Colleague: 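Before anything else, here's the structure in question.
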Amino acid sequence: MLDVKDLTLRYGQSQILHGISMVARPGEITAVMGTNGVGKTSLLKAIAGRHPFSGGSVSLDGRDLGHLNAYGAARAGIAYVPQGREVFPLMTVQENLESGFACLPSSEHKVPERIFELFPILKQFLHRRGGDLSGGQQQQLAIARALITRPRVLLLDEPTEGIQPNIIKQIGEVIRLLREEGEICVVLVEQYFDFAYELADTFVAINRGAVTINRPRDEVDRETILSAVSI
């Protein structure tokens, strides 16, 4: 279980996050929602070790992870798929996937066949450069690369952004499958309201760097969530 408590974060003199607390459980999807600029991406970056937080804690299965860097967070079991995907454009699909080996022991340096079951298109394009893929294909590659690290927590930042509807549907099906398998905590930051609403088990709404809603699906209605993220 991922447990974030009283997390605060600053960029210079500006405080971006104000005491964020949330929990993400294996076999569940936690949707972090809100308008642009409220701190959603900053929250994921703090959890993923991309930006040091100034207060609070991040724990996994009861163990305080401290202030890890990105590599340390990945070694601890936290995989981050950033907004914009960050695929290596001049590397092939195969090489992009293999970059996920960095935090694994050498005995596990093999792309599991399961990756290609989840994302069949990647097997067809193994020798194509990442920069030559469509946006939707790059997103599938980015998620696949994250899954190669065998994460216990998967952080997804705007996975539907700029992607064609059929690929959005495929990505949604993969996220559902990960939930059904019950081994990974999925934290989803998403502006596409219907996509997030259909998937989520728990909703965390953020406004101006603070949590305004933190409830499971059966304790909050659609209109309340929509109102909270449309301010």
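Computation of the quantities below employed the complete heavy-atom set of this structure, encompassing side-chain atoms and omitting hydrogens, waters and symmetry-equivalent molecules. These numbers were taken from a predicted model, which means no experiment stands behind them.
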Colleague: Do Met1 and Val23 pass the side chain to side chain contact (heavy atoms under 4.5 Å, CB included) test, and can you show the C-alpha distance, the side-chain angles, and the key distance before you say yes or no?
Modeller: CA-CA 7 Å; Met1 182 177 72; Val23 167; 3.4 Å; yes
Colleague: Check whether Lys40 reaches the backbone of Gly34 with its side chain - one donor and one acceptor, N or O, closer than 3.5 Å.
Modeller: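 Between the backbone of Gly34 and the side chain of Lys40 there is a qualifying donor-acceptor contact (under 3.5 Å).
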Colleague: Going by atom types only, do Gln15 and Thr8 share a side-chain donor-acceptor pair under 3.5 Å?
Modeller: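 Checked: Gln15/Thr8 side chains show no N/O donor-acceptor pair below 3.5 Å.
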Colleague: Taking His67 for the side chain and Phe53 for the main chain, is one N or O donor matched with an acceptor at less than 3.5 Å?
Modeller: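 A pair under 3.5 Å: yes.
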Colleague: Enumerate donor-acceptor pairs with a distance under 3.5 Å from any side-chain N or O in residues 169-188 to protein atoms, sequence neighbours excluded.
Modeller:
residue	atom	partner	partner atom	Å
Arg179	NH1	Leu199	O	2.5
Glu181	OE1	Arg114	NH2	2.6
Glu181	OE2	Arg114	NH2	3.3

Colleague: Please name the pair of heavy atoms, one in Ile213 and one in Ala228, separated by the smallest distance, quoted to 0.1 Å.
Modeller: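 Closest approach of Ile213 to Ala228: CD1-CB, 3.4 Å.
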Colleague: Can Ile167 be reached from Phe119 by stepping across I, L, V, M, F, W or Y side chains whose heavy atoms are under 4.5 Å apart?
Modeller: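 Yes, Phe119 connects to Ile167 through the hydrophobic network.
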Colleague: Checking side-chain contact (heavy atoms from CB on, under 4.5 Å) against Val189, which of Ile206, Val204, Leu44 comes through?
Modeller: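 One option only clears the test, and that one is Leu44.
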Colleague: Pairs under 3.5 angstrom only: tabulate donor-acceptor contacts from the side chains of residues 74-84 to other protein residues two or more places apart or in another chain.
Modeller:
residue	atom	partner	partner atom	Å
Arg75	NH1	Tyr71	OH	3.0
Gln83	NE2	Glu161	OE1	3.3
Gln83	NE2	Glu161	OE2	3.2

Colleague: Main chain of Thr92, side chain of Glu95: is a donor-acceptor contact present, judged purely on distance under 3.5 Å?
Modeller: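 Indeed, once roles are kept as given, a pair shorter than 3.5 Å links the two residues.
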Colleague: Check whether any side-chain N or O of Ser230 sits under 3.5 Å from a backbone N or O of Leu226 as a donor-acceptor pair, and report yes or no.
Modeller: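 Looks like yes, one N/O pair under 3.5 Å.
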Colleague: Could you tell me whether a side-chain N or O of Glu158 sits under 3.5 Å from a main-chain N or O of Gln191, the two making a donor and an acceptor?
Modeller: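 Yes, Glu158 side chain to Gln191 backbone: donor-acceptor pair under 3.5 Å.
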Colleague: Say whether Phe88 and Val111 are linked into one hydrophobic cluster, either directly or through other cluster members, by side-chain heavy-atom distances under 4.5 angstrom.
Modeller: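 No.
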Colleague: Using modelled atom types and a 3.5 Å cut-off, is there a donor and acceptor pairing between side-chain atoms of Asp201 and backbone atoms of Ile29?
Modeller: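 Indeed, once roles are kept as given, a pair shorter than 3.5 Å links the two residues.
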Colleague: Just verifying a value: how many Å separate Asp157 CG and Leu155 CG, rounded to the nearest 0.5 Å?
Modeller: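 Nearest 0.5 Å value for the CG-CG distance: 9.0 Å.
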Colleague: Are Leu7 and Tyr11 grouped together when hydrophobic residues (ILVMFWY) are joined by side-chain heavy atoms under 4.5 angstrom apart?
Modeller: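 Yes, same cluster.
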Colleague: List the steps, then state whether salt bridge (charged side-chain N to carboxylate O under 4.0 Å, His left out) holds for Glu98 with Arg145.
Modeller: CA-CA 8 Å; Glu98 290 174 352; Arg145 180 177 58 188; over 6 Å; no
Colleague: Hey, does the Lys NZ or Arg CZ of Arg222 hover above the aromatic six-ring of Tyr197, less than 6.0 Å from the centre and inside 45° of the axis?
Modeller: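 Cation-pi check for Arg222 and Tyr197: passes.
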Colleague: Indicate whether any N or O donor in one side chain lies under 3.5 Å from an N or O acceptor in the other, for Thr30 and Thr202.
Modeller: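 No, Thr202 and Thr30 have no side-chain donor paired with an acceptor closer than 3.5 Å.
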Colleague: Has the side chain of Glu198 got a donor or acceptor atom that lies under 3.5 Å from a matching backbone atom of Phe195?
Modeller: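 It does not hold such a pair.
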Colleague: If only side-chain N and O atoms count, and only distance matters, is there a donor-acceptor pair under 3.5 Å linking Asn207 with Thr212?
Modeller: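 On atom types as modelled, these side chains do not qualify, holding no pair under 3.5 Å.
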Colleague: May I ask you to decide if the ring planes of His109 and Phe101 are parallel, tilted or perpendicular, using 30° and 60° as cut-offs?
Modeller: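 Answer is parallel, since the angle falls under 30°.
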Colleague: If you round to the nearest 0.5 Å, how far is CG of Leu141 from CG of Asn96?
Modeller: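 Rounded to the nearest 0.5 Å, the CG-CG separation comes out at 4.5 Å.
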Colleague: In Å, rounded to the nearest 0.5 Å, how long is the span from OG1 of Thr35 to CZ of Arg208?
Modeller: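 If I round to the nearest 0.5 Å, the distance is 9.5 Å.
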